[in-house]
Every structure is written in structure tokens, then in C-alpha cells.
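Presented below is the structure to which this report refers.
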2 protein chains.
Amino acid sequence: MKIVELCDKSYKDVLNNLLKRDIEDFYEIDKNIIAILRNVKDFKDKALYDYTFKFDGVKIDNIKVTEDEVKEALDTVDNQFLDILKKAKYNIERFHKRQIEKSWIEHEKKGIILGQLIRPLDRVGIYVPGGTASYPSSVLMNSIPAMIAGVKSIAMVTPPDKRGKVNPNILAAAYIAGIDEIYKVGGAQAIGALAYGTETIKQVQKIVGPGNIYVARAKKEVFGIVDIDMIAGPSEICIIADKNSNPRYIAADLLSQAEHDQFAFLVLFTNSIDLAESVKKEVIKQLDKLERKEIAEKSIGNNGYIFIVDSIDKAIEISNEIAPEHLEIMVDNPFGLISRIKNAGAVFLGSFTPEPVGDYFAGPNHTLPTSGTAKFSSPLGVYDFVKKTSLIYYTKESLKEIKDDVIYFSKIEGLTAHGNSIRVRFE
Amino acid sequence: MKIVELCDKSYKDVLNNLLKRDIEDFYEIDKNIIAILRNVKDFKDKALYDYTFKFDGVKIDNIKVTEDEVKEALDTVDNQFLDILKKAKYNIERFHKRQIEKSWIEHEKKGIILGQLIRPLDRVGIYVPGGTASYPSSVLMNSIPAMIAGVKSIAMVTPPDKRGKVNPNILAAAYIAGIDEIYKVGGAQAIGALAYGTETIKQVQKIVGPGNIYVARAKKEVFGIVDIDMIAGPSEICIIADKNSNPRYIAADLLSQAEHDQFAFLVLFTNSIDLAESVKKEVIKQLDKLERKEIAEKSIGNNGYIFIVDSIDKAIEISNEIAPEHLEIMVDNPFGLISRIKNAGAVFLGSFTPEPVGDYFAGPNHTLPTSGTAKFSSPLGVYDFVKKTSLIYYTKESLKEIKDDVIYFSKIEGLTAHGNSIRVRFE
């Protein structure tokens, strides 16, 4: 954990360096991805079975998960976890229901009617990673907003393990969420199947859910044919704390992101040198007891910073430049600062809202913009699973009143057939 | 104009063929695009001047449009057009103001507070095509929603002509819209400048606006570093009409899209063979009088269809599969069909709402999803220029109540440092 004192001159340099988060060359990966996608498009199911054998090392008879497989999984999952999943589902539903938008239609002057329809997508695909990083919370967070939006058909894809099985916790979460169409296929091939459709997997309109670099690049490649959620980068946490904050809490929260992966991004801003020193000590102390110590140690070494700033104001200003995925604000009266937060995925206020509360339980989505994209994108939400349609109605009289203006405008743009479509109605 | 009778068996084939709208290989183009983007990233302004000389054939002294250039342009534009621009602006503003969303914050049980902030993007770039396709309406449609969202800083880019000038109508529209930061640069190099920033053009957070294939592929390439609106395809119109509809109106409306470019997509669905025949005759008759006859003739030959269907119900069903950019409904009581329209960019209701009314004047945005993407995407709107941030606040008591659940969940996911961030707060 590096402690850096930020004076006004140095901070732009440090920041520019930190913000270089997304510039990488994916040329070789993309070449492979495109080949995989093309094969899936051309050879459909056959390509899926072949790639599953090649990449997951298992020969699968039927990629569709059966009801029996789900039952078997539920038997191995304890009831306590099923209960927790249900409680989490309740909270996630409750929050996301507030995001429902309504269609509207309004009468304007002179018989003109304008409106905006809100309609759910028909069918959505959810990617769920398998292997070591198996996150049942992801199943809930990605499917519940879609269901609340009114999406009728949801397909879940997830890679099988070496025995051809899906992690039972994942299946349990799918069961609680109400997803009954699940396929044992992962990687770029799964993205190809969802984007183009195969004999078994029907094409979807949008693909959401996290994945490794192959999944991320494949999603970017098929974007346009289908919609995608976002290209997720490593986890990020930014904490703003003053001298009254508890260094033990701060250290624990930084480490909770550090254990994700070695490129996780962990930054504390404080105006107290004492706090900085205590947090540093606490990080080292707590690190020793962690199961995933090795990963956490690496991410701290790579991207762990404690910045000492003149004021909390300055901290907010820099945090807005960083646009972190997670922002914890541990100062007296954190609510007083809300109006000045411009860019962040989710904000955790006060000393008793550690970030993991949001990962699993509080209700807001844990799929959040990373790599500075919080400057222009939003948490996954119900709005990601609807689309809008404009409505326009003119009467003959109302059209007559504007006809000369439209005809003139179309002439200026050199599109006289546009003007003609108005003209024929008054000849 | 091909007349096709759709019986139940044939229609899937015809449709599948029509819907193959977006499958193309862009490998060679993309290679060039990536090279251009890299050069802009590395050499900044210098690359912009070099590419402008190479592609636009003009040596420019200063890519920033001066106030004098804007004044000069306004002198050449007639007052009637300025007035029309102002009226269009008023209507566009009026419609888009209804899309403003509000932040919310709610108290849950036991001191828990959850919320969702809505914040505008800081800075946006608008691409405006130059040359033969010069559309001042695009300037209004792309900038007004951003301004209503609260975007403070808007940069417009547009390619110069051979004399190094920008089309005066474009500059007039920018003036009316209130855009005062305009650069004479187009193509992939303009997209690179907006995405990475140069000495002169500050980086933006989102790029919107139509362009040729180079612009479209460059936008796709930089997606992720910045946000983009969409990858626009050729114009599309789908008309649903019954026997009482006026064939002259229908023909004129089909032709208004046909003149856009040779790949425009024009489809009429009707349950009346008589109407089909009359529309075909009218198309041929009106075509002869068009200034852009050559282009319209090509698009009719490429993608002009009249489909005869059993019922208007069937027409709606197929239209939902097509998900057209523009859908005109010319039947008795068009409002009765609204609830069954699932996928369309904008719907034009009745016989006196020809599509060009929406292009220029009515208020809803003319930037609409094409190539079937209306299945999952929306007209450009205020919602494209804001992003959301979740807020979470727990008290010590409320955290205590859920702590065991969160700790258990994190254990299931193998992320024990997540659990630890809760645990430290109660030790």
C-alpha cells in the first residue's frame, strides 16, 4: 500500500497514470474470437460441443440442463443458503421495481398526438462464469431487472466443469430467480450461440453478465447484432475518509476488493496523515489472515494507494475524475456530500455500509460500470431491458399548418421526395 | 417494386432473407480504421491535419471554426430557414423535456436509505456528416436531448469541403441549437479525436451522430473508451395499410425513404390486392418526377416489397419481426393497434402523418434504431445523456441484522475478505 501526498502539481500526473486503465491491444485475442464466432454461426450446436470439448475438457451429451440436474443441485445446497437467496431476491426486486418506466401519450395543440411507448425486450441471454469464480449473486443481479422489465424469455449460459456439471449454487440461484432455460456452454462460443442462435439455443436480443477476457471481447464483437451490457474491467473501490474514520473498517473494505483479482484497484483518499498510517498498518495486519492473501497482496502492490489530500473537497474532485465502480464515503454527515458526487457506480455512505452489503443484499445492482465508464454509464437496471418507441399523429389540419416548413426544410437538405410526401396530401 | 403474396409457409423464408441486413465483413475497413485511430491517439492534432489533407483534399490552417465563420454562414442563410429551425427546435425541446428523469432517495425500514442519482454526462461529441448528405436537422436532433439532459460541454465535428469551409446550413443549425465549439474534421480521425482527445479537441464521454461506414466502424472501435449512440444502418420504412388507404400517399412515403440511399428498405404490408397494384403504379408514376430518381430506383429494386397478407394482424406480427426504423400505420383507427406494436423506432399514425414530419419537425428524435435493432434499442433521447449512480446507507443496527446472511453468502462465493469487512465492524 503506497502512501502518496498529493500536492496540487503532482496530482494530475499520478491520476493520469492511474487512469490509464483500459488501453490494451487485443489483436491476437480478437482474431481467435472472430474465428470462434464464425464457426458457431456456421456450424451451430456442433461447434458448441466441439469447443466445449476443446476448452472445458469435457464431452457433453446434452448442453441443455435438465430438470433432474436442477433437482440434484438443490439437494446438495443447504436450506440456509436458499433462504438467503430468497431474502436477497426480495431486496433486489424491491429496489429495481422503482426503476419501472411508464409509456405516455399526450395530446398537443390542434389534434396532434405524441407519445413514447416503453416495451420489454423479448428475449435475453445471461452469461454466468463458472470455475473458480462462481457467483450465484450474479445470477440474481442479472436476471431480476430483466424479469421486472417484463422480459418473457431468459436463457442462461455457464461453462460446465470437468465432469460436465454446473456449480450447484449457480443452479440454486437460477431456480430461486425463476430461470428454467440453462445451457452448459461458456466462453466466446456461448456468446456466439446467444448472438446468432443455434439449433438448441434460440437467438437473444441482449447479452448481459460478466466473464473473462474472451467473453468480454466476444461481447464487444457481437455488439450491434445484439445489445450487450458493458465490457467489465477489474473491481475498483475508492474510499474517502476523514480523521474520525475507523482504520480497521477501511482496511477491511479495501481488502474486500483486493481479493477479487490482482488488477483490482484500491484507493483511499484522506486528509489525515495519522489515518493513512493506521490504515496501512491495518491492511498489513488483516492481509495475513485472508484466505485469498496471495491475490490481495498482488493487487495492493499493483494498484493500492493511500492519497493524502488537503481537504475532503479535493478528494471528491479527484474521485469524480476516477469515476470509481464503488465509492465509500466515511466522513461525518456523508449525505452532505451527495450533491457533489458526479461519477461513481454505487456510493456507500457512512461507516456501516461496507461495499459487500451491495454485492449481495441491499438491493441495488452489483453490475456496475468500471474503468472510468461511470462517467457515461449506469448500474445494470430495468432500463437496460426495455426499449422505447416514439408515436406521432397529425390530423390533416395540423399537417396543413406546418406543411410549408417541412417542405422547405426537406429542400434545404436536398431530399425533395421527403417534401413530396407532404405535397401529395394537399394536391 | 416486387409484389409478393405471403402465405403462411413462405413468409418465414422471405422474412429471413429480408432480415439478413447486417452481416458483412469489415475486416479490411477495420484495419484501416485502427491505424487511423492509433495515429490520432499518438500524434493528435498533427494527425488530424494530415488526414484532412489526405481524405478531404484540403489544407486547413485552424480546425476550430471561428465566430467570424459562423457569422459569415448566417449571412448566407435566409431568414425563413432560420425561423423554421427555431420552430423545429421548440418542438424537439418540448418533446424531449418529457424524458427528464429525477433522482430519488427513499427511506427503507430500520434506517436503511437507498437511492438513485441521475446526473448528466460532462461532455459529448456530435458527428455531423458533410458533403452531399448535409443534414442540419441532425444537428438539432443530436444536440437538443444532450442539452436538456444538462450536458455542459458539447463539441461538434464535421468534415470541411474542398475550400476548407463548413456547409452554412449546418453552422446555422449549430448556432440555433447553441453549439459554439465546432471543428472542421470528419471521418475516423474525428472519432479518434473525440475519443482520445488532442491538443485542440478535448476528450468527450460519448459520441453521437450519423456518418458513413468509416465513421460507424470507428465508433464501434472506440466504444468502451467512450460511449456511442448506435451503429446506424440504411433508412427503413414499413407501411401497414388497408383497402381504404390512399395509394398516392403510400407511394410518396415509400419514395421519401427510397431517395436516402440505394440500400434503403421499403416495405408495404396490405390485405388488399387492389391497393397493392395501385401503389405499384403510383410508385412508378411518382418516381419519374423525383430529383433523386436514380437512387430511389436502385433502392426499390434492391429492397422494395409489397407484401399481401391475410390480415392486418399478420402484418403487425411480421412488422414486429422486422422491427423497422419507421412504421406507418394507415388503417381505420390506427390507435387500436398501438398495444400490439412491439418493435419499431417510431410509429406514424393515420394518413396525415408522413414520415418526414418526424424527420424535421414533430419533436420526437429522428435518430432511430435501424437494421432490426429496434428490438433492443431506442430512439436517441435525454436518457442517452445521463447516467445513474446507486446510493446505499445502512446504520450499525440495520447492518447487524443482515450481517450473518452477507457473511454466509460471501463464504459460498469463496470471497471471505468480503465477509471480513462485515465482521470487523462487530468485533
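Because the structure is a prediction, the values reported are computed rather than measured. In the text below, chain A, chain B and the rest are named by the order of the sequence lines, each starting its count at 1.
When ring centroids are compared, His326(A) and His366(A) stay outside the 6.0 Å threshold.
Here Asp227(B) is the residue among Asn246(B), Asp227(B), Ile329(B) with the most heavy-atom pairs under 4.5 Å with chain A. Ranked by heavy-atom pairs under 4.5 Å with chain B, the first of Gln116(A), Lys388(A), Lys403(A) is Lys388(A). The most heavy-atom pairs under 4.5 Å with chain A, out of Gly414(B), Gly350(B), Gly358(B), Ala88(B), come from Gly414(B). By number of non-hydrogen pairs under 4.5 angstrom with chain B, the leading residue of Gly363(A), Gly419(A), Ser351(A) is Ser351(A). Heavy-atom pairs under 4.5 Å with chain A were tallied for Lys206(B), Lys220(B), Lys396(B); the largest tally goes to Lys396(B). Of the listed residues (Ile422(A), Val386(A), Asn365(A), Asn343(A)), the greatest number of heavy-atom pairs within a distance under 4.5 Å of chain B belongs to Asn343(A). Counting heavy-atom pairs closer than 4.5 Å to chain B, the top residue among Tyr408(A), Phe348(A), Tyr360(A) is Tyr360(A). When Leu255(A), Leu114(A), Leu290(A), Asn420(A) are compared by the number of non-hydrogen pairs under 4.5 Å with chain B, Leu114(A) comes out ahead. Counting heavy-atom pairs under 4.5 Å between each of Glu108(A), Glu101(A), Gln286(A) and chain B puts Glu108(A) at the top. Your options are Pro120(B), Pro334(B), Pro354(B), and the one with the most heavy-atom pairs under 4.5 Å with chain A is Pro354(B). Considering only heavy-atom pairs separated by less than 4.5 Å from chain A, the leading option among Gly115(B), Gly345(B), Gly233(B) is Gly345(B).
Proximity to chain B (any heavy atom under 4.5 Å) is restricted, for Ile402(A), to the side chain, taken from C-beta onward. Heavy atoms closer than 4.5 Å to chain B are found nowhere in Ser103(A), neither backbone nor side chain. For Ile118(A), no part lies under 4.5 angstrom from a heavy atom of chain B. For chain A, no part of Phe385(B) is nearby; none of its heavy atoms comes within less than 4.5 Å. With a 4.5 angstrom heavy-atom cutoff, Thr395(A) touches chain B only via backbone atoms. For chain B, the nearby parts of Arg98(A) are the backbone and the side chain; heavy atoms of each come within less than 4.5 Å. Only the backbone of Ala374(B) comes within contact range of chain A, with at least one heavy atom under 4.5 Å from a heavy atom of that chain. Contacts between Thr416(A) and chain B at a heavy-atom distance below 4.5 Å involve backbone atoms as well as side-chain atoms. Proximity to chain A (any heavy atom under 4.5 Å) is shown, for Asn167(B), by neither the backbone nor the side chain. The part of Leu117(B) that comes within reach of chain A is its side chain, from C-beta onward, which places non-hydrogen atoms under 4.5 angstrom from that chain. Looking at Arg248(A), the atoms closer than 4.5 Å to chain B (heavy atoms on both sides) sit in the backbone and in the side chain alike. With a threshold of 4.5 angstrom between heavy atoms, Glu397(B) does not approach chain A through any atom at all. Proximity to chain B (any heavy atom under 4.5 Å) is restricted, for Asp78(A), to the side chain, taken from C-beta onward. Interface remark: Asp253(B) contributes backbone and side-chain atoms alike to the contact with chain A (heavy atom separation under 4.5 Å). For Ile113(A), the part sitting under 4.5 Å from any heavy atom of chain B is the side chain, from C-beta outward, and nothing else. With a 4.5 angstrom heavy-atom cutoff, Ser377(B) touches chain A only via backbone atoms. Interface remark: Leu287(B) contributes no atoms to any contact with chain A (heavy atom separation under 4.5 Å). With a 4.5 Å cut-off on non-hydrogen atoms, Asp405(A) touches chain B through its backbone and its side chain both.
From Glu355(B), atom CD reaches atom OG of Ser421(A) across 7.5 Å, with rounding to the nearest 0.5 Å. Between Ser137(B) atom OG and Leu85(B) atom CG the span is 9.0 Å, to the nearest 0.5 Å. Note that CD of Glu259(B) and OG of Ser235(B) are 9.5 Å apart. Values are rounded to the nearest 0.5 Å. Atom CZ of residue Phe376(B) and atom CD1 of residue Ile225(A) lie 9.0 Å apart, to the nearest 0.5 angstrom.
Of all heavy-atom pairs between Asp359(B) and Gln257(B), the closest is OD2-NE2, 4.4 Å.
Glu413(B) and His418(B) share no donor-acceptor pair across their side chains, judged by distance under 3.5 Å alone.
A donor-acceptor contact shorter than 3.5 Å links the side chain of Arg123(B) to the backbone of Gln203(B). A donor-acceptor contact shorter than 3.5 Å is absent between the side chain of Asn169(B) and the backbone of Pro136(B). Remark: the backbone N or O of Ile407(B) is paired with a side-chain donor or acceptor of Ser410(B) at under 3.5 angstrom. In this structure a side-chain-to-backbone donor-acceptor pair under 3.5 Å is present from Thr353(B) to Leu349(B). Using a distance-only test at 3.5 Å, with no hydrogens or angles considered, a donor-acceptor pair links the side chain of Asp384(B) to the main chain of Gly381(B).
Counting non-hydrogen atoms of neighbouring residues, nucleotides and ligands closer than 6.0 angstrom, the CD atom of Glu291(A) reaches no more than 12 such neighbours.
In summary, Lys342(B) and Asp122(A) engage in a salt bridge, as defined by a charged side-chain N under 4.0 Å from a carboxylate O.
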- Message: For Leu391(B) and Ile338(A): C-alpha separation, side-chain torsions, deciding distance, then whether side chain to side chain contact (heavy atoms under 4.5 Å, CB included) applies.
- Response: CA-CA 9 Å; Leu391(B) 293 180; Ile338(A) 289 176; 3.8 Å; yes
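Taking the six-membered ring where tryptophan is involved, the planes of Trp104(B) and Phe95(A) are tilted, since the angle between them lies from 30° to 60°. Using cut-offs of 30° and 60° for the angle between ring planes, the Phe352(A) and Phe426(B) rings count as tilted.
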